[in-house]
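Structure first, then comments.
So you know, we letter chains A, B, ... as the sequences are listed, proteins then strands, and number each from 1.
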Amino acid sequence: MKQFRAATTHSARPGDGAPAAALANRLLTWYDRHRRDLPWRAQPGESADPYRVWLSEIMLQQTTVATVEPYFRAFIARWPTVGDLARADLQSVLHAWQGLGYYARARNLHKCAGVIADSLGERFPDSEAGLLALPGIGAYTAAAIAAIAFGRPAAPVDGNVERVLARLFALTAERAAVKREVGVLAGRLTPSGRPGDFWQAVMDLGATVCRPRGPACLMCPWAGNCLALQRGLTEELPRRARRKAKPVRHGVAFWAVDATGAVLLRRRPEKGLLGGMTEVPGTEWREWPWTEEEALPLAPVPGQWLSLAGGVRHVFTHFELELTVLAATDLVPGLAEGMWCRPEDFDAHALPTVMRKVADHALRALAQPSAPPEAAIGPIRRRTSGPRPARRASSGR
DNA sequence: TATTCGTGGTC
DNA sequence: TGACCAAGAAT
């Protein structure tokens, strides 16, 4: 912006920024020394594989490097090329993605691979615009792939870039304005040489030095140019919007077991929360607790349903879920919609983490005769309280 | 522009 | 332990 333009036309003064080329060179030197060896990164001097760059960038959306690494390795081992991924079943992709979250990414990943295989000769577009047209690729990811895989002078602005530049230039406006300012500044900072390395360096800097809290400014190659550091604003920037409180939603899950020990599972709808994933059947998730009288008619199979003590609590991005589990055994499979699956075979299904919790809870509760089922369906006690006294089922709320 | 999308780690 | 945070996209 203004201050940067001034900095590019005058020689650098302490804390007043420096020409873009000088900033880029200093950071690239830092990067060459501190560069992390990640499985999707090309070795120095080698060109990056667009497939690996794309796959890693999708996985890294709102997800940490440490979490992504094992998933990335598993995907590459199983589907070495984008064509291999395109020919895979969506279910197998969702299965490999289970536990990583934001499952729309996996659905769009598969769809995108299909487009590239069927319409683009298994070649990724090498321009930002071409990449942006693909499913699951937004402004950030298009710029990241263009810069990292194809050496284009694009400016991928993620949370790291936003934070680093907000501090470097002491951007104190509200978040929306800062995003716009950062977009402009990022374009001006992008070097013509090694743009991919440069932006990866900024992201590494943000992840390891210019951290959200407790930035290690003594280690920062840009400390001499950082206006936030000069003004004592590093902890305050970037300004964050206040978070809204998470509402609590309530649901009942039905743990239906047949005479062979198989448990009833079903597939969730393709769209929406946990779309396409497998789940334990249950009621809808609503904002007030369920009573047994309300829930029992919704059971997938008729039977003697008993409420298990305790429950399952899971935090999603925008709400908390409290699930009560009703269990029934020796059921007759009959006309139940879904698939009967033995717990030891659950690994064959794409179960999201919340459903793994339900399974763990039900298996543990049913394996403990000393902790009999209870009747109440309602808010789940926090962990700090001990097991509640058991009561007989059918006593209502 | 604001909301809807998971999960695990950190302090 | 709750609140925040992480290489965002789609609608």
Side-chain angles (χ1 to χ4, degrees), chain A residues 36 38 40-41 52-72 94 97-109 111-112 131-149 154-164 174-177 179-180 186 196 198-208 210-215 235 238 240-249 268-277 279 285 313-321 350-357 382-384:
Chain A
R36 290 182 289 177
L38 299 172
W40 47 86
R41 282 186 175 166
R52 287 178 165 245
V53 173
W54 164 70
L55 179 60
S56 70
E57 290 297 342
I58 302 298
M59 288 184 164
L60 286 165
Q61 289 167 6
Q62 299 289 283
T63 310
T64 59
V65 167
T67 299
V68 163
E69 275 206 54
Y71 285 89
F72 179 86
L94 285 172
W97 198 275
Q98 68 178 357
L100 198 52
Y102 285 136
Y103 298 98
R105 292 185 296 173
R107 285 177 262 134
N108 284 328
L109 186 84
K111 189 186 302 181
C112 183
L131 290 160
L132 192 55
L134 294 168
I137 297 183
Y140 161 78
T141 305
I145 298 173
I148 297 169
V157 177
D158 72 333
N160 287 307
V161 172
E162 194 179 328
R163 181 174 59 257
V164 170
E174 59 182 307
R175 187 163 191 275
K179 281 187 78 73
R180 287 192 294 273
F198 173 76
W199 286 115
Q200 289 185 88
V202 176
M203 291 186 269
D204 271 13
L205 189 72
T208 62
C210 196
R211 300 173 294 224
R213 284 172 297 190
E235 289 287 352
R240 313 297 299 183
R242 290 195 193 98
R243 297 217 171 190
K244 288 187 298 185
K246 282 180 183 170
V248 179
R249 292 187 191 172
R268 289 178 65 89
E270 283 293 321
K271 296 198 170 187
L273 184 67
L274 308 177
M277 302 293 284
E279 69 172 355
W285 300 342
R313 155 181 285 274
H314 188 75
V315 181
F316 289 98
T317 306
H318 53 295
F319 67 94
E320 285 183 30
L321 179 64
L351 282 176
T353 297
V354 60
M355 291 301 154
R356 300 247 166 228
K357 289 185 182 178
R382 301 291 164 85
R383 285 298 185 81
T384 49

The criterion is side chain to side chain contact (heavy atoms under 4.5 Å, CB included); which residues satisfy it with A:Y140, sequence neighbours excluded?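 Partners of A:Y140 by the side chain to side chain contact (heavy atoms under 4.5 Å, CB included) criterion, ordered by chain and then number, come out as A:E57, A:A144, A:P156, A:D158, A:M203.
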Is the NZ or CZ atom of A:R105 both under 6.0 Å from the centre of the six-membered ring of A:W54 and within 45° of that ring's axis? no
Of all residues at least two apart in sequence or in a different chain, which pass the salt bridge (Lys or Arg N to Asp or Glu O under 4.0 Å) check with [X]?
X      : value
A:K111 : none
A:E69  : A:R73
A:R41  : A:D204

Within the 4.0 Å heavy-atom criterion, would you say [X] contacts the bases, only the backbone, or no part of the nucleic acid?
X      : value
A:V65  : base
A:I148 : nothing
A:S56  : nothing
A:P156 : nothing
A:R175 : nothing
A:A139 : sugar-phosphate

Rounded to whole angstroms, how far apart are [atom1] on [X] and [atom2] on [N]?
X      : N      : atom1 : atom2 : value
A:M59  : C:dA9  : CE    : P     : 16 Å
A:E162 : C:dG8  : CD    : C1'   : 11 Å
A:L109 : C:dA10 : CG    : P     : 12 Å
A:Q200 : C:dA6  : CD    : P     : 18 Å
A:E320 : C:dC4  : CD    : C1'   : 14 Å
A:W54  : C:dG8  : CH2   : P     : 17 Å
A:F72  : C:dA6  : CZ    : C1'   : 18 Å

Would you mind telling me which residue lines up with the more 5' stretch of DNA chain C, A:L134 or A:R211, judged by nearest nucleotide?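 Looking at DNA chain C, the more 5' nearest nucleotide goes with A:R211.
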With DNA chain C as reference, determine whether A:N108 or A:L60 sits nearer its 5' end, using the nearest nucleotide of each.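 Nearest-nucleotide comparison on DNA chain C picks A:L60.
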Is it the case that the side chain of A:Y102 and the backbone of A:M59 share a donor-acceptor pair, with hydrogens and angles ignored and the cut-off at 3.5 Å? no
I'd like to compare against my own output: the B/S/- annotation of nucleotides 4-11 of chain B with a strict under-4.0 Å heavy-atom distance to protein. SBBBS---
Sequence neighbours left out, what passes ring-ring contact (aromatic ring centres under 6.0 Å, His included) with A:W199? Give chain and number order.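 Not a single residue meets the ring-ring contact (aromatic ring centres under 6.0 Å, His included) criterion with A:W199.
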Considering only the C1' atoms, how many Å lie between C:dC4 and B:dG6, rounded to the nearest integer? 15 Å
